[in-house]
Protein chains: 2
Amino acid sequence: MNAVTVREKYRAALQASGARMTPQRGAILDAVLGTTEHRTADEILEAAQKLDSTVSRATVYRTLTLMVEIGLLRRLDLGRDFSYFDPNYVDNPNHSHLICLDCDKIIEFDDPELTACGRKIAETKGFELSASFVRLEGHCQCLKKNGSCPNRKK
Amino acid sequence: MNAVTVREKYRAALQASGARMTPQRGAILDAVLGTTEHRTADEILEAAQKLDSTVSRATVYRTLTLMVEIGLLRRLDLGRDFSYFDPNYVDNPNHSHLICLDCDKIIEFDDPELTACGRKIAETKGFELSASFVRLEGHCQCLKKNGSCPNRKK
DNA sequence: ATGTTTGCAAACAATTTGCATTTTT
DNA sequence: AAAAATGCAAATTGTTTGCAAACAT
């Protein structure tokens with residue numbers, strides 16, 4: 001979905017619930033959806049403030065919640081003590097994630113077999129499936145190959 | 001693995017790192033592994049205090065971390081803002097979870113196909129897989145069927 | 001005018017940690 | 001005595017919330 005379309009959907013969903021499009025919400029939208037990277041709330045705050053210096057942390061959190069509710073964004077738990085936000089959800093809602101324990105690199109993958117498995121299991125157990133999250137943790141080749149990882153933070 | 005064996009493994013692992021088995025650690029072990037239920041740190045504290053009233057919250061957290069490191073227990077993230085601890089990990093390390101959004105009911109399942117999928121993907125992406133977590137969220141039949149759920153907390 | 005959104009600072013909740021004390025060896 | 005473990009209370013951290021001021025309709 002292109003940027004204009006997303007923004008329109010956003011505006012429409014906001015209006016439908018009596019809410020408004022504001023400069024701050026626009027900046028946050030761009031900060032989180034103007035990339036394919038998985039960002040943290042903190043990173044989104046920083047990026048949004050570059051677009052509109054009045055954006056505050058509170059508004060970032062409120063807006064991200066809003067966007068998740070509208071379905072423009074997915075909140076991801078990748079085993080850290082904070083959330084990542086996944087901007088690729090709208091275009092590809094079934095994908096999952098692989099995260100590197102060394103460098104935090106996040107790789108997406110979309111495996112229809114995996115999706116089908118989940119659906120089948122939920123059905124077997126009499127569940128009406130709402131969402132499924134697959135997280136694979138491991139070590140990418142980087143560290144082993146080079147002795148260091150470009151993304152490495154610590 | 002039966003209770004005696006687990007306790008032995010625990011004691012051995014503790015000793016191997018120069019640590020000791022204490023009454024508090026024993027009570028916490030029993031509180032978390034004396035059930036097949038997935039408990040929270042808070043529930044474990046409560047159960048442990050019934051066995052030994054001197055157990056404190058700090059020791060619960062410290063001991064759970066220890067048990068996870070030793071590999072007797074798995075820390076689970078099921079989409080809430082706290083962790084669950086999975087006592088069935090040792091006997092069945094590959095299983096995954098289905099959680100009901102209405103009543104928090106947790107169902108385990110073990111699907112070899114799912115496990116194989118994860119492994120295959122990690123390999124494809126050049127990752128050395130350390131762990132995989134599959135979480136399915138949905139609604140169990142309970143609420144729809146009866147209009148209420150026995151476990152329902154709110 | 002009325003309702004919505006904002007930033008700020010304070011509140012929150014799960015978890016972790018510093019430290020003086022107790023327990024074990 | 002030395003090392004390890006404990007409880008307590010305070011600290012930490014990501015996130016949420018109350019509120020008065022600013023803004024939009």
Side-chain angles (χ1 to χ4, degrees), chain A residues 10-29 31-32 38-46 48-70 73-85 104 153-154, chain B residues 10-29 31-32 38-46 48-70 73-85 104 153-154:
Chain A
Y10 188 32
R11 185 189 297 275
L14 287 174
Q15 273 185 354
S17 64
R20 298 164 189 160
M21 176 58 96
T22 65
Q24 289 89 345
R25 284 180 180 160
I28 294 164
L29 177 82
V32 68
H38 299 75
R39 295 188 163 160
T40 64
D42 225 59
E43 290 166 346
I44 293 163
L45 171 63
E46 200 184 343
Q49 284 180 336
K50 282 188 186 148
L51 303 172
D52 177 338
S53 64
T54 73
V55 172
S56 73
R57 173 170 265 104
T59 298
V60 166
Y61 277 105
R62 284 189 279 238
T63 301
L64 291 173
T65 301
L66 216 49
M67 291 179 68
V68 169
E69 280 166 5
I70 289 170
L73 197 60
R74 178 166 53 169
R75 181 182 225 115
L76 282 188
D77 194 330
L78 297 179
R80 307 299 154 90
D81 53 2
F82 48 81
S83 294
Y84 284 96
F85 291 87
D104 300 338
K153 281 163 186 171
K154 37 185 168 179
Chain B
Y10 189 32
R11 184 189 300 276
L14 287 174
Q15 272 184 356
S17 64
R20 298 162 187 163
M21 175 58 96
T22 65
Q24 290 87 348
R25 284 181 181 161
I28 293 164
L29 177 83
V32 68
H38 300 74
R39 294 188 164 158
T40 64
D42 223 59
E43 291 166 345
I44 293 163
L45 171 63
E46 201 183 345
Q49 285 181 334
K50 283 188 186 148
L51 303 172
D52 178 337
S53 65
T54 72
V55 172
S56 74
R57 171 169 267 104
T59 298
V60 166
Y61 278 106
R62 284 190 277 236
T63 301
L64 291 173
T65 300
L66 216 49
M67 291 181 68
V68 168
E69 279 166 7
I70 290 171
L73 197 60
R74 179 167 51 172
R75 181 181 226 117
L76 281 187
D77 194 331
L78 297 180
R80 306 301 153 88
D81 53 4
F82 48 82
S83 294
Y84 283 95
F85 291 86
D104 300 336
K153 280 165 187 166
K154 39 185 171 179

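Residues meeting the side-chain hydrogen bond (donor to acceptor under 3.5 Å, both in side chains) test with B:Thr22, sequence neighbours left out: none. When the side-chain hydrogen bond (donor to acceptor under 3.5 Å, both in side chains) test is applied to A:Gln49, no partner is found at least two apart in sequence or on another chain. Residues meeting the side-chain hydrogen bond (donor to acceptor under 3.5 Å, both in side chains) test with A:Thr65, sequence neighbours left out: none. Residues passing the side-chain contact (heavy atoms from CB on, under 4.5 Å) test with B:Ala19 are B:Leu14, B:Ser17, B:Arg25, sequence neighbours excluded. Residues passing the side-chain hydrogen bond (donor to acceptor under 3.5 Å, both in side chains) test with B:Arg80 are B:Asp104, sequence neighbours excluded. Every salt bridge (charged side-chain N to carboxylate O under 4.0 Å, His left out) that B:Arg11 has, sequence neighbours left out, goes to B:Glu8.
Annotation: side chain of A:Met67 is in contact with side chain of A:Leu29 (closest heavy-atom distance under 4.5 Å).
Within residues 55-63 of chain B, the residues approaching DNA chain C are B:Arg57, B:Ala58, B:Tyr61, B:Arg62, by heavy-atom distance under 4.0 Å.
For residues 48-68 of chain B, the pairs satisfying salt bridge (charged side-chain N to carboxylate O under 4.0 Å, His left out) are B:Asp42-B:Arg57, with sequence neighbours left out.
In this structure, CD of B:Gln24 is placed 12 Å from C1' of C:dT24, rounded to the nearest angstrom. Spacing between atom CZ of B:Arg80 and atom C1' of D:dT15 amounts to 17 Å, rounded to whole angstrom units. Spacing between atom CG of A:Asp81 and atom C1' of D:dT13 amounts to 7 Å, rounded to whole angstrom units.
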Please write out each protein N/O paired with an N/O of nucleotides 2-4 of chain C under 3.5 Å, distance rounded to 0.1 Å.
| residue | atom | partner | partner atom | Å |
| --- | --- | --- | --- | --- |
| C:dG3 | N2 | A:Arg20 | NH1 | 3.0 |
| C:dT4 | O4' | A:Arg20 | NH1 | 3.2 |
| C:dT4 | O4' | A:Arg20 | NH2 | 3.3 |

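For A:Thr40 and D:dG14, the shortest distance from a side-chain N or O to OP1 or OP2 is not below 4.0 Å. Residue B:Thr22 places no side-chain N or O under 4.0 Å from the OP1 or OP2 atom of D:dA4.
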